[in-house]
Amino acid sequence: MARNKTIFHKSHAEIEAMRESNLLVSKTLAYLGTLLKPGVTGTELDAKAEEFIRDNGAVPSFKGLYGCPSSILTSVNECVVHGLPTDKPFVETDLVSIDCGAYLNGFHGDSAYTYAFIGVGEDAMDVLEATNQSLYIGIERARVGNRIGDISWAIQNFIERECGYAVVRELTGHGIGREFHEAPEVANYGRRNSGPIIKPGLVIAIEPMVNTKSRHIATLPDGWTIVAKDGRATAHFEHSVAVTRNGPDILSDHSFVEQTVKENPHLHDPVASKLYEGGV
Ligand code: MG
Ligand code: MG
């Protein structure tokens, strides 16, 4: 999606500004986690998210981006990503991935979290847990001197070889900064030691999208919503990550989201994400 191939490395001050945008995204996702219950609709969440982002002095990144009509994307069950919010009420067996972006002080933030209602079965919860772990496994490879392909390979290797699930190939993570989608693309599959070399100041959104069985996807007639062709459960977790000489620095923060998920009786407890402890 990034049209310009130039990678814009960020200064320390720019990374700190991006931390603010990403914290707002994380707080929005946490707030939405308090609102999720059966009967609520994606349209309602979208309105609440937009209000929350604007009340905090920011602008929803998605609204108007490539013509996107909403401030969040709500991808339910077999929907992988890019689900447009609808008026269909959530039910207690739904898996709901919410992707959110906010533009604050000249920089975008981008993060996604997949919430599971209490009736979601064990098989789908395992896909969720694997996807979330693969995100942190990918982040661990975001180090100066590595290449982008090292991140891609690590995610694919864990998901396909170790877990037996399928990585979606057509959609990727991306550089992020003053533009929402910047270079480089960060695929969730690939070869080690391939792609651009990772340098200090790189900021990328890493976002594994994982299907239960078949990696193949289809786009619904709305032109946006991407679904797993086989109709099975799928998950998506995303962090924006800066690379410094000290290692990866996760700018978004799912601990806020996990806290509200834990406190919401309509949702499963958050899946483990402790392979990488974050913070440098
Ligand atoms: Mg996103
Ligand atoms: Mg993204």
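Numbers here simply count residues along the sequence, with the first being 1. Read the numbers this way: they start at 1 and go in the same order the structure lists the ligands and their atoms.
- The aromatic rings of Phe90 and Phe117 lie tilted to each other, with the angle between the two planes from 30° to 60°.
- The Mg ion (ligand 1) is closest to atom OD1 of Asp110 (considering only N, O or S atoms).
- Residue Glu207: an N/O/S atom is found under 2.8 Å from the Mg ion (ligand 2).
- Within Glu238, the N, O or S atom lying nearest to the Mg ion (ligand 1) carries the name OE1.
- At least one N, O or S atom of His174, from either the backbone or the side chain, sits less than 2.8 Å from the Mg ion (ligand 2).
- The shortest distance between side-chain heavy atoms of Tyr103 and Ser61 falls below 4.5 Å.
- The atom of Asp99 nearest to the Mg ion (ligand 1) is OD1, with the search restricted to N, O or S atoms.
- There is no side-chain donor-acceptor pair under 3.5 Å between Thr43 and Asp46.
- Between Ser240 and His108, the side chains place no donor N or O within less than 3.5 Å of an acceptor N or O (distance only, hydrogens not considered).
- With Asn211 contributing its side chain and Lys213 its backbone, the two residues share no donor-acceptor pair below 3.5 Å.
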